[in-house]
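Read the structure below first, then the notes.
Throughout, protein chains are lettered first and strands after them, A, B, ... in sequence-line order, and every chain is numbered starting at 1. This is a predicted model, so every value here is computed, not measured. Side-chain atoms are counted along with the backbone in the values below, which use heavy atoms only and exclude waters and symmetry mates.
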Amino acid sequence: MLQHFGKYLLFMSSLFVRGESPRIIFNRTIDEAILIGINSIFIVAIVSTFIGAVTCVQVSYNLTSALIPRSTIGFMVREMTILELAPTITSIVLAGKVGSNIAGGLGTMQITEQVDALEVMGINSTSYLVLPKVMAAVLVFPMLVVLAMFLSIAGGYVAGTLTGEITAQEYITGIRSDFIPYNITFALIKSIVFAFLISTISSFRGYYTSGGALEVGAASTTAVTNSVIAVLIADYVCAEVLL
Amino acid sequence: MIEIHNIHKSFGGKKVLDGISGVFETGKINLLLGASGTGKSVLLKCIVGLIKPDLGSVTFDGTYFTNNKLDIRQEIRRKIGMLFQGSALFDSMTVEENVDFPLKMLTNMSRKERIERVNFCLKRVGLEGANRKMPSELSGGMKKRVGIARAIAPNCTYLFCDEPNSGLDPQTALKIDELIKEITEEYNITTIIVTHDMNSVIEIGDKIMFLFEGKKLWEGTKDEIMDTDIKELNDFIFANRLMRDAKRIEEEDREEEQEREAEEHARLEKNKPAG
Ligand SMILES: Nc1ncnc2c1ncn2[C@@H]1O[C@H](COP(=O)(O)OP(=O)(O)OP(=O)(O)O)[C@@H](O)[C@H]1O
Ligand SMILES: [Mg+2]
């Protein structure tokens with residue numbers, strides 16, 4: 001375990017020594033960012049919309065007291081999604097989607113000697129292959145999280161008004177009351193931390209694959225489980241430190 | 001000139017290379033010959049530094065390589081062209097992008113010059129017009145040829161080919177052998193080829209090193225190889241010759257068969273009643 005962690009730290013430092021030219025890294029980052037964005041936008045949209053809807057319905061089910069105004073439902077949906085559900089659930093979904101993709105891709109490149117081919121050309125394979133992926137994830141995750149925030153609040157609106165639990169007016173009043181801008185900052189910081197963890201852990205797992213197709217599959221699985229655990233731990237740490 | 005000195009390598013207690021030394025000369029085709037599993041690929045990877053030898057050193061034209069500073073190693077690596085045993089094409093790129101890749105990364109050529117060079121290289125391996133294909137759409141032999149095109153695209157000083165003509169038909173194999181020979185002599189580069197094909201040995205081998213179970217058993221020229229009295233090498237040559245002879249006999253049989261069939265057919269045609 002400790003040995004793995006040490007190897008991971010060494011791997012991280014190799015990203016930054018003697019890298020390729022900034023222009024190449026920049027172009028590769030843009031390519032990777034587009035790939036991550038396009039591949040994940042659909043699943044993130046679906047998941048966040050439903051999470052917003054479910055949150056809204058469940059909160060209204062629990063709010064039976066006549067003393068509490070119905071607009072509280074909107075308020076609670078906003079707080080829960082912005083603070084926790086949008087960044088964390090989105091990141092866990094992305095750990096599955098992006099993490100397995102990164103680990104599988106790098107693992108395949110490793111076992112088919114494509115990484116060796118890069119190295120033999122005198123190219124630093126970690127900086128060429130991994131650094132753009134990490135930067136792309138750090139760039140795109142916050143965008144996806146912002147999208148998830150909007151969609152889950154919209155999902156709550158649709159679910160709330162369609163079931164008649166809350167009127168449109170009440171919901172909007174709810175989501176506009178007592179707004180703390182720092183919560184958004186907090187969520188974005190979290191999403192950047194998660195992006196970094198998921199992309200580096202998955203790259204690490206993929207890059208050190210050896211063997212055959214079986215090991216590539218195993219590397220993908222380990223990448224996802226490790227990333228998810230790291231995200232949950234980091235989630236707790238962020239809440240302790242930043243709130 | 002590449003010199004290797006006393007290279008040792010073990011994998012988990014299993015000795016794969018056991019103290020190999022030698023010199024690979026410039027402007028010549030140096031062959032590493034040996035049966036499957038004798039450590040030819042591992043030796044090649046030790047030379048280019050993809051595998052770190054447990055002991056021993058490699059020098060490229062007098063520059064110490066094995067444990068030298070990363071800058072110096074990368075400097076040397078930029079002069080290396082390498083074909084891997086499994087081709088190792090970048091599978092997210094087209095054939096053109098694959099061959100263009102080292103040019104884009106390692107040279108200052110303009111885009112137009114690069115494309116010209118790519119087309120030239122593809123033509124030399126007999127793959128003109130395959131530019132837009134993805135590696136997954138190619139046959140094993142075609143991948144190999146793209147791999148060769150990628151290795152020779154930047155004008156390298158050192159060329160390493162791991163079994164350039166395994167999986168190719170004899171005609172294409174011959175063409176690839178000739179291509180490598182031409183390039184080696186034209187640009188005066190140092191070429192090391194891993195092979196177990198005796199045809200290549202006879203066609204292009206200037207200098208041959210025979211490996212057996214991780215040791216260098218014999219070294220010499222293609223003219224000397226037939227007169228050797230080393231048992232392992234003779235067995236190896238004999239097995240190869242047997243294969244070729246068997247192939248030739250089979251082919252002759254098949255031709256005879258076809259001739260007989262044709263005659264039979266002609267006879268039947270003639271004897272057919274008219275109408
Ligand atoms: N990364 C590795 N880990 C463990 N063992 C290895 C590794 N690479 C090679 N070997 C072992 O080293 C030995 C030599 O392998 P190598 O690939 O060099 O053979 P070869 O001479 O190239 O054979 P072929 O002609 O079949 O390609 C084999 O027994 C192989 O099992
Ligand atoms: Mg081999």
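Atom CD1 of A:I30 has more than 12 neighbouring heavy atoms from other residues, nucleotides or ligands inside a 6.0 Å radius. For B:K207, the NZ atom is densely surrounded, since the number of other residues' heavy atoms within 6.0 Å is greater than 12. Counting heavy-atom neighbours within 6.0 Å of B:M134 CE, excluding the residue itself, gives a total above 12. Shown here is B:H5, whose NE2 atom has no more than 12 heavy atoms of other residues, nucleotides or ligands within 6.0 Å. Around the NZ atom of B:K133, the shell of radius 6.0 Å holds no more than 12 heavy atoms that belong to other residues, nucleotides or ligands. A 6.0 Å sphere centred on CD of A:Q3 holds no more than 12 heavy atoms belonging to other residues, nucleotides or ligands. Atom CZ of A:F11 has more than 12 heavy atoms from other residues, nucleotides or ligands within 6.0 Å. Summarising the local packing, CG of A:L214 is surrounded by 12 or fewer heavy atoms from other residues, nucleotides or ligands at distances under 6.0 Å.
Residues of residues 68-77 of chain B that come closer than 4.5 Å to chain A, counting heavy atoms only, are B:L70, B:D71, B:Q74, B:R77, ordered by residue number. Residues of residues 39-67 of chain B that come closer than 4.5 Å to chain A, counting heavy atoms only, are B:K45, B:V48, B:L50, ordered by residue number. Contacts from residues 140-165 of chain B to chain A, taken as heavy-atom pairs separated by less than 4.5 Å, involve B:R150 in sequence order.
How far CD1 of A:I123 is from CG of B:L106: 5.5 Å, rounded to the nearest 0.5 Å. Between A:E20 atom CD and B:M105 atom CE the span is 4.5 Å, to the nearest 0.5 Å.
Sorted by first and then second residue, the salt bridge (charged side-chain N to carboxylate O under 4.0 Å, His left out) pairs involving residues 189-206 of chain A (not counting sequence neighbours) are A:E84-A:K190, A:K190-A:D235.
Chain A forms the most heavy-atom pairs under 4.5 Å with one residue out of B:G81, B:S87, B:A88, B:G86, and that residue is B:A88.
With a 4.5 Å cut-off on non-hydrogen atoms, A:I24 touches chain B through its side chain but not through its backbone.
In this structure, B:F90 and A:M109 have side chains that are in contact, with non-hydrogen atoms separated by less than 4.5 Å.
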